Structure formats: C-alpha cells, structure tokens
Amino acid sequence: MKTMKNMAARVVTMSLFGVAAIGCSDDASSSTATTDGADGTDGTDGTTPAFTGGNFQLTTQAVDDECLEGSLSIVFMPEGDAKPYKLANTTELPASDALPASYKISLQAPFTELPVKVEADGSNMKIADANQTDILVDEDQWADCRANMEIDASITIADDDNVDVNATITVTGWNGSTCPVATSGCTIKLTMTGDRVE
C-alpha cells in the first residue's frame, strides 16, 4: 500500500494541471469578447452572454478513482472526501471568441510540457486527447516503469464568473519490468468547480 501511495504522490502533478487541463499557458489566447447581440445583449447569438475568459480557482469537489485500488483519491482531496480541495495554482481559460485555443501547460518533473487544445462544445468548452507519453513515474520505486496517459475535460460555463469541470485521466499503458499492478485503461474522474479570480 505504501508503494501505491508513493505512486499517487507522483501522479498528482500530472492531473492537477492537467486535469483541469487548462492552466498556466505559454501563449495564452484569452481575450475580452466584443461581440454584441442585435437585441443589446452581450452574446454571440444575441441571447447568451459571451464568456470573457480569465483566471479561475479550480476546486476538486469529488474524485472517482478506478486506478491502483482507489489510492489516488487522497491526492486530489487530501483532507478527505467531504472537504473540497482548492488547487494550488489558478487556471486560465480562453474567451469563447478565442476558440479554438492551443497552448502548452508546464508540469513538474517527471512530467513534460502538456500541449492542449481548448475547443467549443456548443456553448461550453472541451479538451480532448491531451497526452503524456513515456513518463518515468517514480524512478526510486519503479526504475523501469513508464506510463502513457490521456486527459479529457468538459468545461461547462455556468456564467461569466463560474465554471464546472469534469476531467478524466486515463492511464493508457504501463511500460517496463518494475511497474505496479494496475490496469491499463483505468481512469480517474474529477468533478471540479471554478470561480473567477480578480
């Protein structure tokens, strides 16, 4: 169980950007929407206000962990399932009129930069098939074990200051002779909320 928790501590770095998959960008493309509806509302369709983008504080509200016997749940909600957990860094989201927006997210070692593409999903946004490959998860515990991961996220715009994020991290493969016992294709699902940071 100790090795499982060590694995969890390493994997959290990936998901906490990642996941949310929308954080600190190198060339952020968010901007203030300037389109006005014909009826005087500030919206691209004349009725729904355009999302102006900006920085958001994401908070993990629930974790559904199907990897490593559920040992990763404590990483995403370290104070327990009943207490929501705020991510350490704020997350930048692009404006609706700046989509699609592509940029890279900087992650801590052992992970590498994560290219993401935020696209429109109706009046909301999504990230699909963001990948990390050949990641040496924990050299101390598993010197010959590398993991491939895929991140998908749906971002529901509640209003200009609030979003809901549902992210899925899928371990698509384990490569090496010293990997822990875990199922390829297992998933970690995060339910998150986001509030605008002034």
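The analysis underlying the following values was restricted to heavy atoms, covering all of them including side chains, and did not include hydrogens, waters or symmetry mates. None of the values given here were measured: they were computed from a predicted structure.
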Undergrad: Under a 4.5 Å cut-off applied to non-hydrogen side-chain atoms, are M125 and E119 in contact?
TA: no
Undergrad: Could you please spell out the steps behind the side-chain hydrogen bond (donor to acceptor under 3.5 Å, both in side chains) verdict for Q61 and T193?
TA: CA-CA 7 Å; Q61 302 291 344; T193 54; 2.9 Å; yes
Undergrad: If we only count heavy atoms from C-beta on, is the M192 to L87 side-chain gap below 4.5 Å?
TA: yes
Undergrad: Side-chain contact test, heavy atoms from C-beta onward, threshold under 4.5 Å: evaluate it for I169 versus T187 and give yes or no.
TA: no
Undergrad: If you take all heavy atoms of G185 and T170, which pair is closest and at what distance?
TA: O-CG2, 3.8 Å
Undergrad: Please answer whether the main-chain N or O of T178 pairs with a side-chain N or O of D144 as donor and acceptor at a distance below 3.5 Å.
TA: no
Undergrad: Apply side chain to side chain contact (heavy atoms under 4.5 Å, CB included) to residues V171 and N148 and explain how you reach the verdict.
TA: CA-CA 6 Å; V171 178; N148 299 332; over 6 Å; no
Undergrad: Would you give the length of the straight line joining atom OG1 of T59 to atom CE of M77, rounded to the nearest 0.5 angstrom?
TA: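 Answer for the OG1-CE pair, T59 versus M77, is 9.5 Å.
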Undergrad: Suppose the criterion is salt bridge (charged side-chain N to carboxylate O under 4.0 Å, His left out): which pairs have a residue in residues 156-169, not counting sequence neighbours?
TA: D160-R196, D161-R196
Undergrad: If you look at every heavy atom in L58 and G194, which pair is closest and at what distance?
TA: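 Smallest heavy-atom distance, with atoms named: CD2-CA, 3.6 Å.
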Undergrad: Roughly how far, to the nearest 0.5 Å, is the OG1 atom of T133 from the CZ atom of R146?
TA: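 Between R146 CZ and T133 OG1, I get 10.0 Å after rounding to 0.5 Å.
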Undergrad: Are I188 and V63 close enough that some pair of their side-chain heavy atoms sits under 4.5 Å apart?
TA: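 Side-chain contact under 4.5 Å: yes.
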Undergrad: Is there a side-chain contact between V163 and L93 in this structure, where contact means two heavy atoms from C-beta onward sitting under 4.5 Å apart?
TA: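 When only atoms from C-beta onward are counted, L93 and V163 do touch, with a gap below 4.5 Å.
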Undergrad: Donor-acceptor pair, distance only, cut-off 3.5 Å: does the side chain of S96 make one with the backbone of F51?
TA: yes
Undergrad: Is any side-chain heavy atom of Y103 less than 4.5 Å from a side-chain heavy atom of P115?
TA: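 No. Closest side-chain heavy atoms not under 4.5 Å.
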Undergrad: Rounded to the nearest 0.5 Å, what separates atom CG in D65 from atom SG in C186?
TA: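 The distance works out to 7.5 Å.
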Undergrad: Going from CZ on F56 to CD1 on I155, what distance comes out if it is rounded to the nearest 0.5 angstrom?
TA: 10.0 Å
Undergrad: Please round to the nearest 0.5 Å and tell me the distance separating atom CD1 of I151 and atom CG of N131.
TA: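 Result: 8.5 Å between the selected atoms.
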Undergrad: Verify the neighbour count for atom CG of N162: are there more than 12 heavy atoms of other residues, nucleotides or ligands below 6.0 Å?
TA: yes
Undergrad: Please round to the nearest 0.5 Å and tell me the distance separating atom CD1 of I157 and atom CG of N124.
TA: 5.5 Å
Undergrad: In the structure I gave you, are the side-chain heavy atoms of D152 and D129 within less than 4.5 Å of one another anywhere?
TA: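 D152 reaches D129 side chain to side chain.
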Undergrad: Looking at every non-hydrogen atom in both residues, tell me the closest pair between K117 and P100 and how far apart they are.
TA: CE-CB, 3.7 Å
Undergrad: Flag the pair D97 / L99 as yes when at least one side-chain heavy-atom distance between them is below 4.5 Å, and no otherwise.
TA: no
